[in-house]
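The structure appears below as structure tokens.
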Amino acid sequence: MISFKCKNCGGEMSVDSSGALVCEYCGGKSFFEDKELYGYREFRKQMLNYLRGIHDEKAEGKKTEDYLWDNAEETRFETADGETVTVRYLYSLDDGGAKVYLTKNNALYVFGAGERALADRMLAGIGMLSFPPADVKGLNECFPRSNGTYELKDGGIMIAFARTDNLFPLPMFGSLKPEHVAWIISRLENICCVLNYSNMIHGGISEETIWINPFNHHAVLMGHWWTASKSGFGNTAFCNPDLKGLRQTAVKILGIHKDEVPKEMIKFLEEKPSPDAFADFEKWDKVIENGFGGRRFAQMNVNF
């Protein structure tokens, strides 16, 4: 995989939705020249096309060796009982309290010794969730499922959450067209309805906390669960921070495609959210009908 080093501190830099290189350690920024940006975009497009081909072959029942993982990065962690855990990952990001790694079967959240309380609060936050008795949409799959925790030698802790095929952190996709942002909003509205049903607030919905499968339009609110809390929704003046975060995330991932957004969608993203997610979802349904001509599956062919 391609990696970029910060000229100031030598830390690894990541590419945000605007195309800027951002250092997660010192906050320094850099920008691609036109030639470099084209090369990066071509690389990412080829990667997504490759993943799409892998997905299609699996759907047809063919055996496929995922050569993409042959070029994965490696890092190692020592557990408290003296074992070495080798982590092979395609992508990493900072979720504001944990270092996150995309591995073949897991989303790994690594907390330093000073952030152990965040790890405890993350698991407690996920444990607050409750689901309707007849969960016909399988909404429980839109939330993290722990595969285990590992005590680290340095006093930190690593939590593994299950990752299904073709589930990737949203920042990997850069700017997306309105029809793709629309289905992501729909999934986030579903997620916010579950949070509302659970009488809780997540408090950290952002581009960095969402993972998506571009092929079946699935999404998981994977990260930042240490900000989750119980909250009442009886106050009509209450501004739901999750519905606000949903809108801010949508605007960010639209990026260079903002001018292509239907006016109904612009109005929805700019107006104050409804006090509860169920009413907000009703408003979003009207945007789908009036702004996009109803629900339809838009294959995610990423163009740059």
Side-chain angles (χ1 to χ4, degrees), residues 107 125-145 161-170 173 176-225 227-231 233 238-254 262 264-265 268-269 271-292 294-300:
I126 296 168
M128 294 179 191
L129 288 164
S130 57
F131 301 91
D135 183 13
V136 294
K137 292 186 177 180
L139 292 173
N140 61 320
E141 296 180 1
C142 295
F143 299 92
R145 292 179 292 112
F161 294 106
R163 172 187 174 265
T164 55
D165 284 348
N166 296 321
L167 189 71
F168 298 95
L170 187 51
F173 296 89
L176 296 174
K177 288 182 174 291
E179 59 266 30
H180 305 312
V181 177
W183 68 254
I184 293 171
I185 292 175
S186 293
R187 298 294 81 76
L188 291 178
E189 287 282 0
N190 286 140
I191 287 168
C192 286
C193 285
V194 173
L195 293 169
N196 208 148
Y197 180 85
S198 303
N199 197 35
M200 64 182 293
I201 294 295
H202 176 273
I205 291 179
S206 70
E207 187 184 24
E208 288 72 26
T209 62
I210 301 158
W211 292 44
I212 65 168
N213 182 329
F215 308 114
N216 65 7
H217 291 187
H218 179 56
V220 176
L221 180 54
M222 190 74 77
H224 221 276
W225 281 90
T227 53
S229 62
K230 284 289 185 180
S231 179
F233 291 89
F238 174 73
C239 183
N240 187 320
D242 293 336
L243 297 175
K244 185 177 179 181
L246 178 158
R247 285 162 167 78
Q248 292 171 337
T249 301
V251 170
K252 185 175 181 182
I253 61 177
L254 279 166
E264 294 86 354
M265 186 175 179
F268 176 85
L269 294 176
E271 69 185 2
K272 183 179 177 180
S274 300
D276 70 81
F278 304 112
D280 206 64
F281 206 165
E282 286 184 16
K283 287 166 60 174
W284 175 244
D285 264 340
K286 293 177 181 176
V287 174
I288 292 292
E289 290 298 323
N290 300 327
F292 292 91
R295 296 185 180 278
R296 60 182 182 274
F297 191 92
Q299 184 174 345
M300 195 165 157

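Atoms CD1 and CG, on Ile253 and Leu170 in that order, are 4.5 Å from each other to the nearest 0.5 Å. Atom CD1 of Ile205 and atom CG of Leu195 lie 6.0 Å apart (nearest 0.5 Å). With rounding to the nearest 0.5 angstrom, the CD atom of Glu264 is 12.5 Å from the NZ atom of Lys286. Between atom CG of residue Leu129 and atom CZ of residue Phe143 there is a gap of 5.5 Å, rounded to the nearest 0.5 Å. Expressed to the nearest 0.5 Å, how far CD1 of Ile185 lies from NE2 of His180 amounts to 13.0 Å. Taking CD1 of Ile210 as the reference point, atom CG of Leu188 lies at 4.5 Å (rounded to 0.5 Å).
Residues Cys142 and Asn190 are not in side-chain contact: their nearest non-hydrogen atoms beyond the backbone lie 4.5 Å or more apart. Residues Phe161 and Val220 form no side-chain contact, since every pair of their non-hydrogen atoms from C-beta on lies 4.5 Å or further apart. With contacts defined as side-chain heavy-atom distances shorter than 4.5 Å, the pair Trp211/His218 does not qualify.
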**Message:** Between Arg187 and Ile212, is the side chain to side chain contact (heavy atoms under 4.5 Å, CB included) condition met? List the steps.
**Reply:** CA-CA 10 Å; Arg187 298 294 81 76; Ile212 65 168; over 6 Å; no
**Request:** Dump the intermediate steps for side chain to side chain contact (heavy atoms under 4.5 Å, CB included) on Met265 and Trp284, then the final yes or no.
**Result:** CA-CA 8 Å; Met265 186 175 179; Trp284 175 244; 4.2 Å; yes
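The heavy-atom pair separating Pro214 from Asn166 by the smallest distance is CD-O, 3.5 Å. Considering all non-hydrogen atoms of both residues, Ser198 and Lys230 come closest at O-NZ, 2.6 Å. Closest of all the heavy-atom pairs between Gly204 and Thr209 is O-CG2, 3.1 Å. Across every non-hydrogen atom of Gly125 and Ala228, the tightest pair is CA-CB, 3.9 Å. The shortest heavy-atom contact between Ile288 and Ala182 is CD1-CB, 4.3 Å. Contact record, Pro273 with Lys244: CG-N, 3.9 Å, taken as the closest heavy-atom pair.
With sequence neighbours excluded, no residue forms a salt bridge (charged side-chain N to carboxylate O under 4.0 Å, His left out) with Glu189. Applying the side-chain contact (heavy atoms from CB on, under 4.5 Å) criterion to Lys283, with sequence neighbours excluded, gives Phe268, Glu271, Ser274, Asp280.
Evaluation of the salt bridge (Lys or Arg N to Asp or Glu O under 4.0 Å) test over residues 214-224, restricted to residues two or more places apart or in two chains, returns none.
Taking the six-membered ring for Trp and thresholds of 30 and 60 degrees, His202 and Trp225 have ring planes more than 60 degrees apart, a perpendicular arrangement.
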